[in-house]
Amino acid sequence: LAYRGSNAAHLNDSLLSLGALAYADGSSVTNTNTDPSTGLAVPTQVELYNRLRDRLVELEQTGHISGGGRRGSGGGGLCLQPSFVEEMNAIVSAVRLLWTLYSRSVIVATAAAPSGDVRKDKDSIESKLRAITAAIQSQLIAILPITLIGVQNDTDGGCNATNAILCSAVGELGCVLDPFEGRKGGDDDSAQTSSAWTQAVFSYVLPRLERKSGDDIDVTILKVVGNLLLGPYLDAEKTRRMELLTKFGSAFFSSSTDISVGTSLCVSSSGRLAAMLLVALLLRHMPIDVINIDPVGGRERALVGSMAQALPLYLIQWEGRFPLESEVVLAALVGVVRLYRTGTPMTVDGVVLEVFDEIGGASDDAPCNSSSDADPLVLLVRSLRVSMVELYEVPKKSKTDKQVASRQQSIFEIMPEPTQRLVLGLFGLLQYPKEAAVLSIAKICSRSSLNHEMKDYVMEVMHDIRRSLPMQLYLTFLVNGSGITKAFKDGKKKKKRQNDQEENDVESIRDQVFALDIAIERLCRALVLCGGNKVLPMLVPLLLSWLGDVTTPADVNAMVQRRAVFAILVCISVDDSADDGICLEDLDPKINDAVAVTAVDLLCQNGDAQDDKHIRFLSPVLALLMKGSELFETVMDKLLQRVLARDGVGMDEKTFKGVIRSLMLTLKHTGLAVVIKNSRSASVLLEKLAVAIENKVANGPLDRIGGVLRTEVQLHLGRQIATTQ
């Protein structure tokens, strides 16, 4: 301990060695002078403290008390040479180590002993231990804060870490040696007085929580604040605790705090640490039983709940750059929402209302600092539905300066997948989402930034909360989220390129169309789960718009949308024999006619495509034709009229080839064979169509396959006739 050098590591080694020797020496002494939990002799503890205190005095004498005060008089702190700061740090750390591991339990046990106990005698070794630790505490209070000689008083001069350790040591010793004895004069908290150690620590901490323009609060100060608020040090001093909590909140989470877009407070190290500290405080104030909330600490609970309303702003400013902190904040908010369940949905005149069984509910649009009797954490839950919307919004280009946004994706898309799942989990627990949030999430699902697993999870969450939002909004989400409405934003450019491409480029166009098959499947599944036959009439205007005008050349978008219409109708419609189903014939005649015309157009396309891709392309059409003979007959009749048209209606060689291949595929389809078998009219139309096509392509390049088609039709119908006979 006779250390004089500049390397504090030697002192740490000396302390550890001395502690080991003291432990070995204490093993042979009586239990009266030994901490029973560790075996370290109490006299050895006293000896260690005496030597540490002597070195503290020597270090203090190398500097001077700021402001001209005497040593130990509680002046402006200690000014110290830079070469001694590291040693001071090591000595104070050693005091905390001895106190935490050994001395605290001895002093607490002595204080709890009966009045006649020998340990309470003023000459006992326990009394000496208390006296030396109290002297060290007074000495630490006198030198707080430490600054460097020659540095202005308004800065710590690089001593922040040492001063933080000093504050922690003063608090740890003070809450036991100098406990607050209670109130003076009544039950009002304003009549409380503070202990000496709290005055010293607060005089250092509170001014440094003042955030000046362009300056950041030091992380070490927040560590001290965390120790004071999360530890037992201020349990008896409610006024000082509220003072510190209020100061902390105003520095990081107050409405007046500048945490808007473009500030660095949220993304700074101190800002992230402050958010983690607030999460810890928030979890401490979550009651196990929301029905029997402990009224003690109600003001602190309200303040913490109000501060927590700023946490979504931190998530927004982090922009997915700090996934660990983001997940901690989201997990805490999920825990709050799970505890405070939302209301029950009730639909009145098409409007979904949230009905509460208990008092304490509040409207989302009500001010969160309302003076109502609602629990502050309930108000926090209500505020999240509004404040979380920005996570899903894609930044837009400014109309004034016409500058491109700094990012092209929403914050939700930037986040890693585990964080995205927490965001969606919170979204689902909150229920009753705002329309802007629903539309933004739909836009995200329509993009390629999310993988298919995450899109499926989004659909599951939205399906679970579908009763808490209007049906029309839910259907809008399903349609927009599928990405079918605008499958390719540059559709016009693609259409122009298609006209300039060679015929063998049909395969690449087909690949683009097939790329949306998973989205179509996801949309169909969601519609069926929400009662497809009931919502189908609401979808008719949309389906008609997707079918479009078949006289106009179809681009990739049109092909995707038309195939989607057939897929939706196949999944939703059922046979006449179904008790709860709906037939296509029961729908608006306009859509029946549009479906038939579009089916004819699709049957005439892509004569040069490969067989497997041609089958895949027509699979929704053929599946729908299986649903009833009436639709099949209508399609065959319209196709026959098109073939027999005088001008051909665009029936060139490629179109005839597509028709022939489609009909050959139809004949091989088992389900369609049943339809043809059960309908005499369908058989007659099919035979007339085969004859008409053979006549049209006779003596041309397609003469052979035209004859093959007629032969296949005759054989097919002949087998059916033979079976019926």
Is the backbone of [Y] close enough, under 3.5 Å, to the side chain of [X] for a donor and an acceptor to pair up by distance?
{"X": "R301", "Y": "H285", "answer": "yes"}
{"X": "R284", "Y": "L230", "answer": "yes"}
{"X": "S105", "Y": "L101", "answer": "no"}
{"X": "E413", "Y": "S410", "answer": "yes"}
{"X": "R208", "Y": "Y204", "answer": "yes"}
{"X": "T100", "Y": "L97", "answer": "no"}
{"X": "S306", "Y": "A302", "answer": "no"}
{"X": "E319", "Y": "I411", "answer": "no"}
{"X": "R272", "Y": "V267", "answer": "yes"}
{"X": "N50", "Y": "V46", "answer": "yes"}

For the residue pair [X] and [Y], what are the closest heavy atoms and their distance?
{"X": "L228", "Y": "Y233", "answer": "CA-CD1, 4.0 Å"}
{"X": "G249", "Y": "M307", "answer": "CA-CE, 3.7 Å"}
{"X": "L222", "Y": "A274", "answer": "CD1-N, 4.0 Å"}
{"X": "N163", "Y": "I146", "answer": "OD1-N, 2.7 Å"}
{"X": "G428", "Y": "V461", "answer": "CA-CG1, 3.7 Å"}
{"X": "V279", "Y": "A332", "answer": "CG1-CB, 3.5 Å"}

- Query: Hey, is CZ on R321 packed in by over 12 heavy atoms from elsewhere, all under 6.0 Å?
  - Reply: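 Counting neighbours around CZ of R321, more than 12 heavy atoms of other residues, nucleotides or ligands fall under 6.0 Å, so yes.
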- Criterion side chain to side chain contact (heavy atoms under 4.5 Å, CB included) on L140 and L144, from CA distance to verdict: CA-CA 6 Å; L140 295 179; L144 180 69; over 6 Å; no
- Message: Run the side chain to side chain contact (heavy atoms under 4.5 Å, CB included) test on S93 and N89 for me, step by step, so that the C-alpha distance in whole Å, both residues' side-chain angles and the decisive distance to 0.1 Å come before the verdict.
- Response: CA-CA 6 Å; S93 299; N89 194 336; 3.4 Å; yes
Side chain to side chain donor-acceptor pair (under 3.5 Å) partners of [X], counting only residues at least two apart:
{"X": "Y49", "value": "S103"}
{"X": "T220", "value": "D218"}
{"X": "R241", "value": "E300"}
{"X": "E243", "value": "R240"}

- Task: Mind checking ring-ring contact (aromatic ring centres under 6.0 Å, His included) for F427 and listing every partner two or more places apart, or none if nothing turns up?
- Result: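 Partners of F427 by the ring-ring contact (aromatic ring centres under 6.0 Å, His included) criterion, ordered by chain and then number, come out as Y392.
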Answer yes or no: is there a side-chain heavy-atom contact under 4.5 Å between [X] and [Y]?
{"X": "P312", "Y": "L391", "answer": "no"}
{"X": "F248", "Y": "L277", "answer": "yes"}
{"X": "L315", "Y": "E390", "answer": "no"}
{"X": "L234", "Y": "F202", "answer": "yes"}
{"X": "M454", "Y": "L424", "answer": "yes"}
{"X": "L282", "Y": "L377", "answer": "yes"}
{"X": "K128", "Y": "V42", "answer": "no"}
{"X": "F252", "Y": "I217", "answer": "yes"}

Enumerate donor-acceptor pairs with a distance under 3.5 Å from any side-chain N or O in residues 164-174 to protein atoms, sequence neighbours excluded.
unit_1 : atom_1 : unit_2 : atom_2 : d
S168   : OG     : A164   : O      : 3.1
S168   : OG     : N227   : ND2    : 3.3
E172   : OE1    : R96    : NE     : 3.2
E172   : OE2    : R96    : NE     : 3.3
E172   : OE2    : R96    : NH2    : 2.7

- Go through the steps for L129 and V106 under the test side chain to side chain contact (heavy atoms under 4.5 Å, CB included), then give the verdict. CA-CA 9 Å; L129 178 64; V106 175; 3.8 Å; yes
- Query: With under 30° as parallel and over 60° as perpendicular, where do the rings of F253 and Y314 fit, or are they tilted in between?
  - Reply: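 F253 and Y314: tilted rings.
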- Parallel, tilted or perpendicular, as decided by the 30° and 60° cut-offs, for the rings of W318 and F322: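 Rings of F322 and W318: perpendicular, as their planes differ by over 60°.
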- Query: Within 45° of the axis and under 6.0 Å from the centre of the six-membered ring of Y457, does NZ or CZ of R421 qualify?
  - Reply: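 Cation-pi check for R421 and Y457: passes.
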- Task: May I have the step-by-step check of salt bridge (Lys or Arg N to Asp or Glu O under 4.0 Å) for R130 and E126, ending in yes or no?
- Result: CA-CA 6 Å; R130 183 183 182 92; E126 287 80 9; over 6 Å; no
- Task: Might you work through the side chain to side chain contact (heavy atoms under 4.5 Å, CB included) test for L245 and L229, ending with a clear yes or no?
- Result: CA-CA 8 Å; L245 185 60; L229 292 178; 4.0 Å; yes
- With rounding to the nearest 0.5 Å, note down the distance linking OG in S127 to CD1 in I132.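 S127 atom OG to I132 atom CD1 measures 13.5 Å (nearest 0.5 Å).
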- Say whether S195 and E237, considering side chains only, have a donor N or O and an acceptor N or O under 3.5 Å apart.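 A donor-acceptor contact under 3.5 Å links the two side chains.
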